[in-house]
Every structure is written in structure tokens, then in C-alpha cells.
Amino acid sequence: MLRIVKTCQNEFEAELVKGLLADIGVECILQGKNMSQIYGGINAMSVNVLVNERDYDRALALISDTKQ
């Protein structure tokens, strides 16, 4: 099962999070990325970052650490 680990303000931010997760071996899916492109470009809509349930805690810890 997939869980939303972060809702990003735009596609650029979501891609940065995806890269951080990839660095620790966590795969993710960006939900809403295509809608952002369809409806006006990179800052048009928020993008959800989804990870597998088993990776959720590790992904959340990484994202929380990078906010500081």
C-alpha cells in the first residue's frame, strides 16, 4: 500500500524530495505531476510524494531531518 509522505507545493520541490529518497534507496511515485504540467506548468498544482508503507517511517524521518 502507498502512503503520502509529503505534499509539495510544486513539481520542482517534489523532484527534489524524490532525489533525496532515491539517495537512501526509497522508491516513490509523484502523484499529480502530470496534472501540474497540463494545467499551466511547474507551479500550477501541488504534487504528492507517495512511498510504500514499509518505507514510510524512514522516508518521513529523512524529510523531517532536511527541514531543519
Side-chain angles (χ1 to χ4, degrees):
M1 173 173 258
L2 297 175
R3 288 184 65 183
I4 297 172
V5 73
K6 180 165 179 65
T7 298
C8 299
Q9 295 299 314
N10 54 54
E11 182 183 342
F12 180 75
E13 181 185 359
E15 288 290 347
L16 290 175
V17 172
K18 181 179 179 179
L20 289 172
L21 293 173
D23 286 347
I24 63 167
V26 173
E27 293 182 26
C28 68
I29 294 173
L30 302 182
Q31 179 186 47
K33 179 179 173 181
N34 293 334
M35 295 304 290
S36 177
Q37 293 171 353
I38 290 170
Y39 290 106
I42 198 163
N43 292 319
M45 298 180 73
S46 62
V47 179
N48 291 324
V49 180
L50 294 93
V51 297
N52 283 317
E53 181 82 33
R54 68 178 180 272
D55 296 323
Y56 180 80
D57 291 333
R58 196 162 52 122
L60 191 59
L62 172 73
I63 291 169
S64 295
D65 285 347
T66 58
K67 287 182 180 180
Q68 298 174 4

Are Leu30 and Asn48 close enough that some pair of their side-chain heavy atoms sits under 4.5 Å apart?
no
How about Ile4 and Val49: do any of their side-chain heavy atoms sit closer than 4.5 Å?
no
Side chain to side chain donor-acceptor pair (under 3.5 Å) contacts in which one or both residues fall within residues 14-23, not counting sequence neighbours:
Glu15-Lys33
Could you state the interatomic distance from [atom1] ([X]) to [atom2] ([Y]), rounded to the nearest 0.5 Å?
{"X": "Ser46", "Y": "Gln31", "atom1": "OG", "atom2": "CD", "result": "9.0 Å"}
{"X": "Ser64", "Y": "Lys6", "atom1": "OG", "atom2": "NZ", "result": "9.0 Å"}
{"X": "Glu53", "Y": "Arg3", "atom1": "CD", "atom2": "CZ", "result": "4.5 Å"}
{"X": "Leu21", "Y": "Leu16", "atom1": "CG", "atom2": "CG", "result": "11.0 Å"}

What's the shortest heavy-atom distance between Glu27 and Val51, and which atoms?
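Minimum heavy-atom contact is O-CG1, 3.9 Å.
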For Ala14 versus Cys8, what's the shortest heavy-atom pair and its separation?
CA-SG, 3.5 Å
What side-chain donor-acceptor pairs closer than 3.5 Å can you find for residues 55-62, not counting sequence neighbours?
residue: Arg58; atom: NH1; partner: Ile24; partner atom: O; Å: 2.9

With sequence neighbours left out, write down each residue that passes side-chain contact (heavy atoms from CB on, under 4.5 Å) with Leu2, or none if nothing qualifies.
Ile29, Leu50, Asn52
